[in-house]
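Computed from a predicted model, the values in this text were never measured in an experiment. In what follows, chains are A, B, ... by sequence order, proteins preceding strands, each numbered from 1.
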2 protein chains.
Amino acid sequence: MARKTGSHSEITGPRIRAEAQRLFARHGFAAVSMRQIAAAVGVQAGALYLYTPDKEALLFDLLKSHMEELLSAWAEVAPRTEPLAALETFVRFHIRFNLTRAEAVFLSYMELRNLSPGNFAVIEGLRRAYETELEKILIAGRAAGVFALPDTKLATLAIIAMLTGVNTWYREGGRLSLDTVEATYWDMVRKAVGA
Amino acid sequence: MARKTGSHSEITGPRIRAEAQRLFARHGFAAVSMRQIAAAVGVQAGALYLYTPDKEALLFDLLKSHMEELLSAWAEVAPRTEPLAALETFVRFHIRFNLTRAEAVFLSYMELRNLSPGNFAVIEGLRRAYETELEKILIAGRAAGVFALPDTKLATLAIIAMLTGVNTWYREGGRLSLDTVEATYWDMVRKAVGA
DNA sequence: AGGTTATCTGAACATTTGTTCAGTATCAAA
DNA sequence: TTTGATACTGAACAAATGTTCAGATAACCT
């Protein structure tokens, strides 16, 4: 046997990335073998190397794509209004976006240590860029006198950690609706920044 | 060669757990081999099995010990005063305790998925017990009218996520002192709960 | 229809994995 | 000083790891 009927790189490529993300998120990067990913796709292990130079590049590709999509999704909705409304937009955006990509978020927080130093720095830079987006809002708000914050950098990290925490417990169809969750977190954040 | 001079289980046992924790936290459970742990201790891989039945039990032991120490450390300082003071105690305790055990905290959040279902349930139960400690304070505070919270369960998870986030960025000797960090987080939490 | 390119198989490779165990050296007590 | 328990070595095991590659089949283009 060799090439399979109906085989196309535009189909196999995304499927490999999807299955890799699912398995990495579920069992951890090091615990998942290339053969497991291949089996999930329905292909032999050797075929994966038509789509990635090696295993780490597969992980890096997933993390980098996720961070870039996060940044560009934010760029599309990022408001140029007053800080309070901007902060609410950020809070709701972060919760909603992260919940729709729980696996990718999980990976981005868990598997950074499996990257080589160079690749690590790239992801770290993208993450910092995203954090800066929030901090810009906090700085503007403090300058305008609507936020009371002793340290905007600390507040940035605290808020992001709090919001990302939603991913660890929220389940669709659970006790609280997404809209209720968003509203409740926004209420806490608004009060926490002193507005 | 066989038994080494000066060898004692009271020394080797703790050293194995310490090195395992360090390596698991740094590279991930699945990425660390029994031979690496043994080498860090200065012993052959076979010797590890005098102290643990298998690799997973070693991880489980670390996670369980950490959670039990967390709970008993909290039990020692847990105040029976009014909710506002109790909440401040919790915030400061959580930050301080977690920072002194960064590796164990990291493990407890990252490597749960490498546990068998039975062991997973044990750790999950301990974690829930700890969360309940905070929620009891929030419930009491809301009943007393000093906290304004729509959902104490959600607030519990939000606060813990926010506080635990300190571990990802705080470094001793950095820009902010531990006391400043504690005070700043406490200020945000206090405002967030509406007190 | 025929030739070219794209896609995948299946076997192979050297390493590494968790774990077991018979043997051996050290320790502690009598 | 002898004896039994304790702590470790070193070799061995089958299974699994990431990765490579020659060969084979399907899809596409002329």
Side-chain angles (χ1 to χ4, degrees), chain A residues 1-24 26-63 107 111 113-116 118-119, chain B residues 1-24 26-63 107 111 113-116 118-119:
Chain A
M1 269 178 281
R3 182 170 187 173
K4 298 161 85 177
T5 72
S7 60
H8 274 287
S9 62
E10 292 89 9
I11 294 177
T12 307
R15 284 206 56 203
I16 288 174
R17 281 186 287 276
E19 294 294 345
Q21 180 169 95
R22 196 177 62 85
L23 289 166
F24 287 163
R26 192 158 335 211
H27 305 108
F29 174 75
V32 173
S33 72
M34 296 299 268
R35 283 173 179 81
Q36 284 176 52
I37 299 170
V41 175
V43 101
Q44 293 297 316
L48 301 184
Y49 290 85
L50 249 46
Y51 300 89
T52 183
D54 52 45
K55 194 186 177 191
E56 194 208 306
L58 189 51
L59 174 64
F60 176 67
D61 199 50
L62 292 172
L63 299 189
L107 274 188
E111 306 292 356
R113 59 189 171 188
N114 291 110
L115 260 32
S116 66
N119 285 343
Chain B
M1 269 178 278
R3 181 171 187 171
K4 299 160 88 178
T5 73
S7 61
H8 274 288
S9 63
E10 293 90 9
I11 294 177
T12 308
R15 285 206 55 200
I16 288 174
R17 282 186 287 276
E19 294 294 346
Q21 177 165 316
R22 196 178 60 86
L23 289 166
F24 287 164
R26 195 162 326 215
H27 306 108
F29 173 76
V32 174
S33 72
M34 296 299 267
R35 284 173 179 82
Q36 286 176 54
I37 299 170
V41 175
V43 101
Q44 293 297 315
L48 300 184
Y49 291 84
L50 250 45
Y51 299 91
T52 184
D54 52 44
K55 193 186 176 190
E56 194 207 308
L58 187 53
L59 174 64
F60 176 65
D61 199 50
L62 292 172
L63 298 190
L107 274 188
E111 305 293 356
R113 58 190 172 186
N114 290 110
L115 260 32
S116 67
N119 285 342

Contact class for A:Val32 vs. all strands (heavy atom < 4.0 Å): base, sugar-phosphate, or nothing? sugar-phosphate
At 4.0 Å (heavy atoms only), tell me whether A:Gln36 reaches a base, stays on the sugar-phosphate, or touches nothing. sugar-phosphate
From C:dC8, D:dG18, C:dT19, nucleotide with atom closest to B:Arg35 side chain: C:dT19
If I compare all heavy atoms of A:Leu115 with all of A:Leu63, which pair ends up nearest, and what's the gap? CD2-CD1, 3.7 Å
Which one, D:dC8, C:dT19, D:dT19, comes nearest to the side chain of B:Ala2? D:dC8
Interface residues of residues 5-15 of chain A with DNA chain D (non-hydrogen, below 4.0 angstrom): A:Thr5, A:Gly6, A:His8
Atom of A:Val41, atom of A:Arg15 and distance for their closest heavy-atom approach: O-NH1, 3.2 Å
Rounded to whole Å, the CD1-C1' distance (B:Ile37 to C:dG18) equals 11 Å
Find out whether B:Ile37 and B:Phe24 are in side-chain contact, i.e. whether some heavy atom of one side chain is under 4.5 Å from a heavy atom of the other. yes
Here the distance between atom P of C:dT16 and atom NZ of B:Lys55, to the nearest Å, is 15 Å
Nearest to the side chain of A:Val43, heavy atoms from C-beta on, is which of C:dT19, C:dC8, D:dC8? C:dC8
Contact summary for A:Met34 and A:Leu48, nearest pair of heavy atoms: O-CD1, 3.2 Å
Provide, to the nearest angstrom, the distance between the CZ atom belonging to A:Phe29 and the P atom belonging to D:dG18. 8 Å
Send over the distance from B:Leu48 CG to C:dC21 P, rounded to a whole Å. 16 Å
Backbone of B:Val32 reached by a side-chain donor or acceptor of B:Lys55 within 3.5 Å: yes
A:Asp54 side-chain proximity, nearest of C:dG18, D:dC8, D:dT19: D:dT19
Per the atom types in the model, does the base of C:dT26 pair as donor or acceptor with the side chain of B:Arg3 at under 3.5 Å? yes
Taken to the nearest whole Å, CD/A:Gln44 to C1'/D:dA24 is 14 Å
Heavy-atom pair of closest approach, residues A:Asp54 and A:Tyr49: CA-CE2, 4.1 Å
Can you figure out which of C:dT24, C:dT20, D:dG18 approaches the side chain of B:Tyr49 most closely? C:dT20
Atom-pair distance (CG on A:Leu50; C1' on D:dT19), nearest Å: 13 Å
Taking for each residue the nucleotide of DNA chain C bearing the nearest heavy atom, is the 5' side occupied by B:Met34 or by A:Ala47? A:Ala47
Whole Å only: how far is the CD1 atom of A:Ile16 from the P atom of C:dT7? 11 Å
Which heavy atom of B:Ala40 sits nearest a heavy atom of B:Arg22, and at what distance? CB-NH2, 4.3 Å
Hey, does the side chain of A:Lys4 come within less than 4.0 Å of C:dT9's phosphate (OP1/OP2), counting only N and O? yes
Would you say A:Tyr51 reaches C:dC8's phosphate, i.e. side-chain N/O to OP1/OP2 under 4.0 Å? yes
Between B:Glu56 and B:Ser116, is there a donor-acceptor pair closer than 3.5 Å when you use the side chain of the first and the backbone of the second? yes
